[in-house]
Amino acid sequence: MNSQQLQQLFPYLWTLPRKPGEQRAEVLLYGNQTLLESMDDKVLEQIANVAALPGLAGAAMTMPDAHWGYGFPIGGVAAFDAGQGGIISAGGVGFDISCGIRCLRSNLSLHDAEPFLHELADKFFENIPAGVGEEGKIHLNPQQLDEVLLGGAKWAVKQGYGNASDLEYIEENGCVAGAMPENVSELAKKRQRGEMGTLGSGNHYLEVQVVDHIYDNVVAQAFGLYEGQLIISIHCGSRGLGHQIGTDYLVKLAKAANRLGIRLPDRELACAPIQSQEGQQYLGAMNAGINCALANRQILTHLTRETFTGIYPHVVLETLFDISHNTCKEEIHNIDGKPRLLHVHRKGATRAFAPEHPKLPERYRAVGQPVIIGGSMGTGSYILAGSSTNQAFASTSHGAGRALSRNQALKRWNGRSLIDELQLQGILIRSRSMRGVAEEAPGAYKDVNIVAEVTEQAGLARRVAFLRPKVCIKG
DNA sequence: ATGTTC
């Protein structure tokens with residue numbers, strides 16, 4: 001986009017001035033000039049549309065990694081007040097409900113693990129189901145699937161996948177309230193019955209990484225991180241179930257908007273008042289989708305431990321944190337100094353509670369919530385910590401963010417040669433889809449280093465550690 | 001993101 005149309009408020013905060021007669025709330029864009037210039041004009045159009053939706057509280061915002069999405073931009077944050085006619089939108093959550101990252105810290109250094117990295121890559125590839133429509137070893141009957149939707153990661157731990165300590169370090173302790181499996185279609189449930197414990201495709205991955213650099217020693221110590229340490233990150237979501245909920249409710253919410261006379265600036269912004277029947281139905285289905293994703297990452301954590309232990313019996317893998325970046329959450333935030341209960345849509349945006357937030361586990365209370373910014377294949381990831389300077393409804397960036405579309409990437413790169421190039425850099429890629437690898441070429445993403453740096457400079461979160469990839473399993 | 005044009 002052309003940054004001339006924006007007005008700079010602070011070094012890393014911009015606004016889009018309203019045109020005469022334009023009826024909408026304030027739009028705020030976090031970033032520097034380079035990141036904003038590289039964004040599609042559609043991002044601006046989309047976030048201005050969001051700012052025109054009913055019941056918005058405060059400003060509609062984009063994070064430094066924002067890019068064009070369905071209706072809402074990816075990297076978009078918008079909070080709505082149910083009492084003021086505020087809406088909920090499936091496009092504001094994203095198709096992959098509760099897509100997120102589970103990060104595990106190990107008791108091994110890269111030096112210890114170097115001799116068996118190839119074996120680790122092969123075994124992970126063998127044991128972690130990945131790819132479109134790929135099913136796992138777990139097949140659930142309808143009643144069991146409903147239990148997943150109600151119980152989330154707590155259900156998974158009860159089944160023997162992981163332990164109680166995992167739950168302590170998952171957002172919402174592994175299970176959100178308000179899930180209503182009865183609001184999830186039979187088709188959505190059917191699609192999921194064989195997909196628990198699977199990675200999926202696209203930008204999802206399981207990575208073995210090494211802590212390459214520590215930015216903040218005090219916070220790193222609280223997070224249990226040190227240079228040279230081996231880390232595992234699992235990026236995935238609610239698979240077929242979440243996608244089907246999104247598809248189902250786009251239609252239902254569009255009908256509701258029409259029935260209730262809500263004027264939509266874009267039909268992709270299908271939404272309904274939070275207090276309407278359809279709004280409540282979607283909330284119940286979305287919360288079921290969140291629990292599905294939390295259970296999924298918990299089972300994948302178990303498979304990761306099983307695989308790793310098979311190669312290196314003394315490994316200990318503890319959950320550092322598990323955080324989603326596609327959700328709508330009911331939270332209390334201050335608007336003009338007054339606390340209000342809001343529904344915060346974060347689509348491709350990570351929650352980042354500041355130090356002393358009551359929902360944080362004791363271990364992290366003094367330093368803030370771990371925030372995971374996942375990089376593109378082969379480029380590295382960042383661990384950050386929530387900051388008291390955040391004024392974006394406790395939200396921050398979630399990843400590098402695409403710079404080129406999947407089609408553009410396919411024209412420019414070849415999967416096989418990318419894998420060869422990365423292997424020369426000491427990064428082992430395993431994937432069944434060469435097309436998928438080409439679509440995920442590192443060059444198709446923005447520079448994650450700049451995203452993390454600007455995220456910190458903008459006061460959204462503080463950098464704690466940089467993780468360099470060693471093994472990457474792609475869908 | 002996605003049984004990748006349900």
Side-chain angles (χ1 to χ4, degrees), chain A residues 46 65-76 89-102 129-136 139-140 145 184-206 234-252 254 268 270 285-286 288-290 292-294 296-297 300 323-328 345-350 374 376-377 398-411 415 431-441 444-445 473-475:
Chain A
Q46 290 189 322
D65 56 339
H67 54 114
W68 179 11
Y70 185 93
F72 279 58
I74 295 160
S89 166
V93 172
F95 273 79
D96 190 7
I97 296 168
S98 198
C99 183
I101 301 181
R102 166 76 65 109
V132 176
E134 192 68 28
E135 301 204 331
H139 287 264
L140 302 179
L145 191 73
V184 178
S185 70
E186 288 307 314
L187 178 58
K189 292 176 183 174
K190 193 177 142 208
R191 284 179 68 172
Q192 194 60 30
R193 283 175 59 183
E195 287 191 348
M196 292 310 299
T198 66
L199 205 54
S201 65
N203 64 0
H204 290 168
Y205 57 74
L206 182 148
I234 304 166
H235 178 207
C236 66
S238 52
R239 308 286 286 106
L241 180 121
H243 192 266
Q244 191 62 46
I245 292 173
T247 305
D248 292 341
Y249 277 91
L250 275 173
V251 178
K252 285 187 191 184
E268 292 184 355
M286 182 206 62
I290 291 179
C292 173
L294 295 178
N296 193 29
R297 289 198 286 275
L300 284 165
I323 186 79
S324 304
H325 46 241
N326 277 359
T327 59
C328 178
H345 292 68
R346 294 189 187 90
K347 179 191 195 178
T350 307
S376 51
M377 183 177 64
H398 82 303
R402 286 202 88 88
L404 297 177
S405 73
R406 294 187 179 280
N407 273 329
Q408 285 171 304
L410 278 178
K411 282 180 202 152
S431 175
R432 283 169 186 82
S433 166
M434 288 311 111
R435 180 198 164 104
V437 170
E439 286 179 352
E440 291 296 315
Y445 282 82
I473 312 298
K474 292 291 284 185

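Residue numbering restarts at 1 for every chain, and letters A, B, ... go by the order of the sequence lines. None of these values were measured; they are calculated from a predicted model.
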Could you verify whether a donor N or O on one side chain and an acceptor N or O on the other, from A:Arg435 and A:Ser201, lie under 3.5 Å apart?
->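 Result is no, nothing qualifies.
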
Rounded to whole angstrom units, what separation is found between the [atom1] atom of [X] and the [atom2] atom of [N]?
| X | N | atom1 | atom2 | value |
| --- | --- | --- | --- | --- |
| A:Leu250 | B:dC6 | CG | C1' | 13 Å |
| A:Ile74 | B:dT2 | CD1 | P | 13 Å |
| A:Glu439 | B:dT2 | CD | P | 12 Å |
| A:Glu440 | B:dT4 | CD | C1' | 13 Å |
| A:Phe95 | B:dT4 | CZ | C1' | 13 Å |
| A:Glu195 | B:dT4 | CD | P | 11 Å |
| A:Arg406 | B:dT5 | CZ | P | 12 Å |
| A:Asn326 | B:dT2 | CG | C1' | 13 Å |

Non-neighbouring partners of A:Thr327 that pass side-chain hydrogen bond (donor to acceptor under 3.5 Å, both in side chains), sequence neighbours left out =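 None.
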
Report yes if the distance between the aromatic ring centroids of A:His235 and A:His398 is under 6.0 Å, otherwise no.
->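 No.
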
Under 4.0 Å: is that the gap between some side-chain N or O of A:Arg239 and OP1 or OP2 of B:dT2?
->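 Answer is yes, contact under 4.0 Å.
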
Please determine if a side-chain N or O atom of A:Ser201 lies less than 4.0 Å away from the OP1 or OP2 oxygen of B:dT2.
->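 True: A:Ser201 side-chain N/O within range (under 4.0 Å) of B:dT2 OP1/OP2.
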
Would you indicate what [X] reaches in the nucleic acid, counting non-hydrogen atoms under 4.0 angstrom: base, sugar-phosphate, or nothing?
| X | result |
| --- | --- |
| A:Gly237 | nothing |
| A:Leu187 | base |
| A:Gly246 | nothing |

Partners of A:Lys189 by salt bridge (charged side-chain N to carboxylate O under 4.0 Å, His left out), sequence neighbours excluded?
->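 A:Asp146.
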
